[in-house]
Amino acid sequence: MVRGRALARCGLVLLSLWLCIQSVPISVDKTKDKPEEEELGPPESAETGLHYDRYLREVIEYLEKDPHFKEKLKNANMEDIKQGKLSKELDFVHHNFRTKLDELKREEMNRLRMLIKAKHDIQGGNGRTVDHQALLKQFEHLNHMNPNTFEVEDLNRLIKSATKDLENFDKDRHDEFKRYEMMKEHERRERLKNMNEEDRKKEEQHYEEMKKKHADHPKINHPGSEDQLKEVWQEADGLDPEDFDPKTFFKMHDSNGDGFLDETELEALFTKELEKVYNPENEEDDMVEMEEERLRMREHVMNEVDTNKDRLVSLSEFMAATKKEEFSEKDEWETLDQNPLYTEEELREFEQHLANEENDINKRSLELQKQREELEKKQEELNAQRLGLQQAVEEMERLKAHSTKTDIKRGLTLTKAKM
């Protein structure tokens, strides 16, 4: 199943998170008192969808509290950050913040230990071979050989891991959506197999009607085109399309005022186009597909406009895009239903994979059932042995009591005889 909206809006690359800080110049005065210690509340930056998301955002927010590091961050370029040059500045971060970073790392190490133990127990309990290499990958974003202190290598690993993982995030989402669509089609075909001829024809007819109904919608403007942006200007902003001004438009939709359109702000621009195709009240419209369409639109605009590939659109990049020939694109945007996501061969392979998984589950179920029966049999044998032992003890007690009575009677008889 495709991830929910929280993951759909996965947030920015680590670099974007760092570059979206305040632009007020900072004067570093080392003669001032040491920074006040602060309690760290829930991170305020956008969620990334990574399994170490909270750790990532808390580290970023504490580093931004250090004036020296924040100043270096403002002046760093993208390549310096990617290559780890900024990590060396960690040595100059104030002791108070370094102590907090140490605490964050120890908490993250404890979380990962618990996570890996749980995964190990689950995999082992299911009779599956534990993939130790996959488990160790959970630690790639920090140096687990030093579990106690946050060092330059930890920051370096965090930057590299977050950059790599977030670059792969959209691809993983596309793959997950493709599996979702194939599962949906597989389940539809399975339902048809269990119907009689008449019901099957009705269902097929209904299916085709829903497809046609879904495809019957107004023209979808090309994302990022002049027509698309003017439609937002008119419908969402309530302004006259004749007065459309790209610079004003950019500033209006830069909701956090940081001078960039991030991925979330871009995706918000496509809502009007998506509403032409998808309606949660309609049977034929799948809201999971709508989020995939939103992702496709955002990727298209990023590929066209984001020239430095930092996953942010600056004002200069935006203005340059409005001067390109593509900005006047009049062709309609091709939606998901016009672009097949998989072939019949891929669907067959997917169904075979499902069948193999089902066979494995059934095989494991039979093994567990057999083990249960063997355990029940052993339990019955133990119960029988326990009962036999109990009866033997009772018999011994009875014989012992009888023997005692006999001895008493014999003693009394001897006593009377002597008298």
Side-chain angles (χ1 to χ4, degrees), residues 2-3 6-21 43 45-64 69 72-73 76-90 101 104-105 107-109 111-113 115-116 119 131-147 150-179 260 262-264 266-267 292 295-296 298-303 305-313:
V2 174
R3 293 170 181 153
L7 292 187
R9 293 187 171 188
C10 65
L12 305 176
V13 179
L14 174 63
L15 316 177
S16 304
L17 285 167
W18 278 353
L19 292 175
C20 291
I21 61 175
S45 51
E47 290 187 16
T48 61
L50 304 176
H51 77 86
Y52 50 92
D53 171 79
R54 185 181 179 92
Y55 172 68
L56 167 65
R57 292 187 291 143
E58 286 179 340
V59 167
I60 291 169
E61 289 180 17
Y62 255 117
L63 286 172
E64 287 180 352
F69 194 90
K72 291 293 182 181
L73 178 61
N77 61 46
M78 205 63 59
E79 284 307 309
D80 286 347
I81 295 175
K82 286 183 178 181
Q83 293 173 11
K85 293 181 181 178
L86 188 67
S87 301
K88 297 176 183 178
E89 299 298 329
L90 184 66
L101 292 172
L104 291 178
K105 181 178 178 180
E107 290 173 5
E108 178 69 358
M109 287 292 297
R111 183 189 73 83
L112 290 171
R113 288 191 187 105
L115 175 67
I116 287 180
K119 287 186 176 182
D131 187 345
H132 294 285
Q133 291 300 318
L135 292 179
L136 284 174
K137 284 185 178 180
Q138 304 288 329
F139 285 92
E140 286 186 343
H141 61 286
L142 46 71
N143 177 20
H144 63 277
M145 301 302 291
N146 170 19
F150 188 95
E151 305 295 343
V152 170
E153 184 178 354
D154 292 294
L155 184 54
N156 223 357
R157 288 192 179 204
L158 188 58
I159 292 173
K160 289 180 180 178
S161 293
T163 302
K164 179 188 70 174
D165 293 343
L166 284 168
E167 284 174 351
N168 294 332
F169 193 79
D170 287 343
K171 179 182 180 301
D172 292 341
R173 280 183 57 199
H174 286 309
D175 292 342
E176 196 169 344
F177 177 74
K178 184 176 179 178
R179 288 192 294 272
F260 297 90
D262 61 35
E263 294 176 347
T264 300
L266 273 179
E267 289 182 359
E292 175 69 10
L295 172 59
R296 289 178 67 240
R298 187 251 293 166
E299 286 181 328
H300 171 77
V301 172
M302 279 293 190
N303 288 334
V305 182
D306 179 25
T307 54
N308 65 358
K309 304 304 176 187
D310 64 351
R311 297 172 74 103
L312 294 168
V313 175

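Values below: every heavy atom of this structure, side chains too, minus hydrogens, waters and symmetry copies.
A salt bridge between Asp175 and Arg179 is absent, with no side-chain N of the basic residue lying under 4.0 Å from a carboxylate O of the acidic one. Using a 4.0 Å cut-off between a side-chain N of Lys or Arg and a carboxylate O of Asp or Glu, Glu61 and Arg57 do not qualify as a salt bridge. Remark: Arg111 does not engage Glu107 in a salt bridge, criterion side-chain N to carboxylate O under 4.0 Å.
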Please step through side-chain contact (heavy atoms from CB on, under 4.5 Å) for the pair His300 and Arg296, ending with a clear verdict. CA-CA 6 Å; His300 171 77; Arg296 289 178 67 240; over 6 Å; no
Evaluate side-chain contact (heavy atoms from CB on, under 4.5 Å) for Arg298 paired with Arg311, printing each intermediate quantity in order. CA-CA 10 Å; Arg298 187 251 293 166; Arg311 297 172 74 103; 4.2 Å; yes
Test side-chain contact (heavy atoms from CB on, under 4.5 Å) on Leu90 and Glu153; report intermediate values, then the result. CA-CA 10 Å; Leu90 184 66; Glu153 184 178 354; over 6 Å; no
For Lys309 and Met302: C-alpha separation, side-chain torsions, deciding distance, then whether side-chain contact (heavy atoms from CB on, under 4.5 Å) applies. CA-CA 8 Å; Lys309 304 304 176 187; Met302 279 293 190; over 6 Å; no
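Between Ser87 and Ile159, the shortest heavy-atom distance links the atoms OG-CD1, 3.7 Å. Closest non-hydrogen pair, Arg113 versus Pro147, comes out as NH2-CB, 3.7 Å. When every heavy atom of Leu101 is checked against every heavy atom of Tyr62, the shortest pair comes out as CD2-CB, 4.1 Å.
Judged by distance alone, with hydrogens and angles left aside, the side-chain atoms of Asp154 form a donor-acceptor pair with the main-chain N or O of Glu151 at under 3.5 Å.
Expressed to the nearest 0.5 Å, how far CG of Asp53 lies from CG of Asp165 amounts to 11.5 Å. Note that the NZ atom of Lys164 and the CD atom of Glu140 stand 4.5 Å from one another [nearest 0.5 Å]. We find the CG-CG distance between Leu142 and Leu158 to be 8.0 Å, quoted to the nearest 0.5 Å. Distance check, rounded to the nearest 0.5 Å: CG of Leu155 to NZ of Lys88 gives 12.5 Å. Rounding to the nearest 0.5 Å gives a distance of 8.0 Å between CG of Leu63 and CD1 of Ile60. From Phe150, atom CZ reaches atom OH of Tyr55 across 4.5 Å, with rounding to the nearest 0.5 Å.
Under the 30°/60° scheme for interplanar angles, the aromatic rings of Tyr52 and His141 are found to lie parallel.
A 4.5 Å side-chain heavy-atom check between Asn146 and Lys105 finds at least one atom pair inside the cut-off. You'll find the side chain of Glu299 reaches within 4.5 Å of the side chain of His174, heavy atoms only.
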